[in-house]
Structure formats: C-alpha cells, structure tokens
Protein chains: 2
Amino acid sequence: MKYCSHCGQEVLYSVPEGDNRPRYWCNHCGTIHYQNPKIVVGAIPVWEGRILLCKRSIEPRKGYWTLPAGFMENGETLQEGAARETWEEGCATVEVGDIYTIFNLPHINQVYVFFLGNMANGDYGVGEESSDAGMFTEDEIPWDQLAFPTIGRTLKFYFQDLKTGDFPVRTQDIPPLKRKPALDENI
Amino acid sequence: MKYCSHCGQEVLYSVPEGDNRPRYWCNHCGTIHYQNPKIVVGAIPVWEGRILLCKRSIEPRKGYWTLPAGFMENGETLQEGAARETWEEGCATVEVGDIYTIFNLPHINQVYVFFLGNMANGDYGVGEESSDAGMFTEDEIPWDQLAFPTIGRTLKFYFQDLKTGDFPVRTQDIPPLKRKPALDENI
Ligand SMILES: [Zn+2]
Ligand SMILES: [Zn+2]
C-alpha cells in the first residue's frame with residue numbers, strides 16, 4: 001500500500017495515535033487503512049462415499065488437487081461461500097452441513113474453514129479455475145498431489161472420523177511451509 | 001474506495017475480466033482491490049463461575065456491555081486474537097479453550113468467533129476501550145444492556161450448555177438489526 005484509497009495522497013506506515021501497532025494511514029485525510037486476515041472457505045462435497053476434488057488450473061499450486069475452496073466474499077455467509085466455491089470450481093450443488101475444520105495460517109494472514117457437505121446429486125464438472133475434477137474414495141485420493149496442507153489435513157480428519165460417524169470441530173495452526181513455495185504461491 | 005492504493009490513480013467499480021462480481025480495480029496498474037469479510041474474535045473469560053464483561057467506552061454501542069472481542073489482526077491466530085482482546089479490553093489473562101460460537105453477519109461483512117476461556121486468576125481491570133469491567137453470574141448480567149446480538153446469544157448458549165457441561169460449536173446467522181443503529185454503529 002502506497003497511496004490512500006480515500007484521498008489519493010501517499011500513506012505513512014507507523015503507529016497511529018491511540019493504537020498499539022503500525023498501520024498504513026493517511027495524514028492528509030486521517031484515514032487508517034486496517035489490514036485484517038482473510039477467510040478461505042470450502043466444503044467436503046460427498047456423494048455415495050466419494051469426495052469431489054478439483055485440479056487447479058491457476059496459480060498458486062496449478063495442477064494440484066484441492067477441495068473446492070476460496071476467499072469468502074462480502075455479503076455472504078460462511079456456508080454460502082462454501083456452496084459457491086463448490087459450484088464455481090466443481091460445478092456441483094452441495095448441501096452445506098456442519099462446520100468441521102478451522103485452520104490458522106497466521107504467517108499469511110488467513111483462516112481456513114471447511115464444512116461437511118452432501119452433494120445434491122452425482123453431477124459435477126470442471127469449473128473455470130479447474131482443469132479437471134473427479135470423485136475419489138480414500139484410496140483413490142492423490143495424497144501426494146494435494147494443493148495445500150489444509151486440504152490433506154481436512155481429508156485425513158474426515159476419513160478418520162468417518163469410522164465413528166462423529167465429526168467434532170477441529171482447529172489447528174498450520175506453520176509456514178518447509179518446501180520452497182512456488183513463485184506466486186501464498187501459502 | 002476512490003483511489004488505487006498501489007499507484008494513486010482513480011479506481012473503477014465494475015466486473016473485472018474473468019471475474020463474476022463488481023470490484024474496485026485500477027485500469028492504470030491493473031490491481032484488483034478485493035474486499036472481504038472481517039473476523040471479530042472474542043472470548044468468554046470465566047473465573048469461579050463468573051464471566052468477565054467490559055463496558056464499551058467507544059462507539060459503536062458506547063456504554064453497553066460486551067464480552068472482550070474485536071477485529072482479528074494480521075499475524076495472529078484466532079485464539080491469540082481472543083486472548084489479546086481479553087487483555088486489551090479487560091486487563092485479564094485468559095487461557096483460550098475450544099471454539100464455541102460462530103456468527104455470520106453478511107449485511108456488515110463480518111464473522112464473529114467466540115472461544116471458551118478460563119481466566120488465569122481473578123485479576124481484571126478496565127482496558128483502554130472500556131469504561132468499566134466486572135465479573136457477572138447469569139443473574140447479574142445486564143441482559144438489556146448488552147452491546148451486540150452476538151454477545152447475548154453467546155452468553156445464553158453458554159449458560160444453557162453449562163447445565164450439561166457439553167459445549168457444542170454453534171453457528172448462526174444474524175440478520176440486520178431492527179432497531180435503528182447508532183450513527184456510527186456498524187452492526
Ligand atoms: Zn487520505
Ligand atoms: Zn493502480
């Protein structure tokens with residue numbers, strides 16, 4: 001951030017009066033430009049024991065498999081966001097169920113939230129941000145080709161909890177990656 | 001948003017190419033300025049059967065009582081945010097426990113998250129954004145003087161679940177207020 005989105009003048013980066021941490025702020029119009037974590041919301045779309053995964057056609061992690069998930073948009077609920085992403089990425093209609101996994105990724109200012117979900121039917125397709133899509137059993141999931149740590153952890157929790165039928169909400173912190181991230185990968 | 005925070009030129013508000021909803025974006029430098037929901041995170045700080053509430057000294061809802069809660073900051077986890085807000089607003093150290101209530105407020109682009117919490121000891125005080133603070137039993141809580149719907153709902157769930165000792169995660173949507181909001185009230 002270089003310029004004030006309110007008045008167009010250059011911003012400062014320092015601790016505003018009465019605050020306790022540095023912010024971008026404007027000493028022309030007084031606007032403080034707060035920056036806060038973003039929510040990535042997704043679903044575990046299930047149909048007849050298989051889970052819908054999509055192959056990413058865009059960076060970050062192009063070519064890797066993911067559960068449908070993306071940035072929550074203004075004006076929607078978490079559940080609406082999970083259903084929208086499932087539609088956009090996998091062309092599938094999902095009845096969003098209980099909240100299931102919640103991950104803190106403080107190093108990239110993100111919180112991931114996944115919901116359990118039942119697909120309305122077996123229909124799915126390849127959405128705009130996908131190059132492929134498919135329905136997978138536990139054995140069929142491309143475990144070494146998953147896009148993000150949040151995806152693998154959510155899927156592992158799911159199949160673990162499937163044995164008991166009890167799906168408690170699980171919260172975890174995800175540390176920075178050890179592998180070198182791709183050039184534009186933000187995770 | 002009027003100006004591009006990256007290059008200082010005036011922004012447009014329209015659907016960018018390849019997108020499906022209007023955004024602020026800059027046709028000088030190409031930056032799309034995404035706007036996403038913010039997380040408000042808080043705790044239910046408990047000590048010896050009483051709950052810590054703080055009286056707000058700032059708008060919105062100045063003079064009304066709240067659980068410690070505020071906007072999650074970049075670089076922290078949900079749990080760290082809940083502990084920070086408890087310290088800042090109520091000068092109390094809380095051991096943050098399980099995630100408990102999650103509220104969608106799509107009309108103001110917010111998601112509220114409250115955690116169960118045990119205070120480390122009985123110490124508390126009046127933080128910078130508070131004009132008073134106190135420890136309340138269910139009967140002592142100023143139910144008609146609570147700042148936000150999320151506070152009352154969380155407290156009611158808490159005392160309801162306290163009877164069984166089981167605190168399932170609860171997710172709810174909160175509709176727009178029917179009362180006229182205060183001038184600068186964003187809830
Ligand atoms: Zn300005
Ligand atoms: Zn620009």
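In what follows, chains are A, B, ... by sequence order, proteins preceding strands, each numbered from 1.
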With a 4.5 angstrom heavy-atom cut-off, could you sort out which part of A:Thr77 is near chain B: side chain, backbone, both or neither?
both
Intermediate values then yes/no, side-chain contact (heavy atoms from CB on, under 4.5 Å), A:Asn104 and A:Ile174:
CA-CA 6 Å; A:Asn104 291 300; A:Ile174 301 215; over 6 Å; no
Taking the inter-plane angle between the rings of B:Phe148 and B:Tyr112 on a 0 to 90° scale, is it parallel (under 30°), tilted (30 to 60°) or perpendicular (over 60°)?
tilted
Below 4.5 Å, heavy-atom pairs only: which of B:Asn74, B:Asn20, B:Val169 has the largest tally toward chain A?
B:Asn74
Taking the six-membered ring for Trp, are the ring centroids of B:Tyr13 and B:Tyr24 within less than 6.0 Å of each other?
yes
Quick one, B:Ser57 with B:Ser130, criterion side-chain hydrogen bond (donor to acceptor under 3.5 Å, both in side chains). Give me CA distance, side-chain angles, the key distance, then yes/no.
CA-CA 5 Å; B:Ser57 68; B:Ser130 307; 5.8 Å; no
Do A:Thr101 and A:Thr154 have a side chain donor and acceptor closer than 3.5 Å?
yes
Which bit of A:Phe103 comes within less than 4.5 Å of chain B, counting heavy atoms only: side chain, backbone, both or neither?
neither
What part of B:Asp173 is in contact with chain A, defined as an atom under 4.5 angstrom from a non-hydrogen atom: side chain, backbone, both or neither?
side chain
Of the listed residues (B:Met1, B:Met72, B:Lys2), which shares the most heavy-atom pairs with chain A below a 4.5 Å separation?
B:Met72
Flag side-chain contact, heavy atom, 4.5 Å: A:Leu177 against A:Pro149:
yes
Toward chain B, the part of A:Ile99 with a non-hydrogen atom under 4.5 Å
side chain
Check for me whether the distance between the ring centres of A:Tyr100 and A:Phe167 falls short of 6.0 Å.
yes
Heavy-atom pairs under 4.5 Å with chain A are the metric here; pick the option from B:Val113, B:Val111, B:Val11 that has the most.
B:Val111
For A:Asp98, is it the side chain, the backbone, both or neither that has a heavy atom under 4.5 Å from a heavy atom of chain B?
neither
When only pairs under 4.5 Å are counted, which of A:Glu76, A:Gln35, A:Glu10 shares the most heavy-atom pairs with chain B?
A:Gln35
Do B:Gln110 and B:Phe71 make a side-chain contact, defined as non-hydrogen atoms from C-beta onward lying under 4.5 Å apart?
yes
Is A:Glu88 close to chain B through its backbone or its side chain, or both, or neither, when contacts mean heavy atoms under 4.5 Å?
side chain
Classify the ring geometry between A:Trp143 and A:Phe159 as parallel (under 30°), tilted (30 to 60°) or perpendicular (over 60°).
perpendicular
Contact origin within A:Glu128 toward chain B - heavy atom pairs under 4.5 Å:
side chain
Only pairs of heavy atoms separated by less than 4.5 Å count here; which of A:Arg21, A:Gln79, A:His6 has the most with chain B?
A:Arg21
Side chain, backbone, both or neither of A:Arg170 within contact of chain B (heavy atoms, under 4.5 Å)
neither
With chain B, which of A:Glu80, A:Arg23, A:Gln9 has the greatest number of heavy-atom pairs at distances under 4.5 Å?
A:Arg23
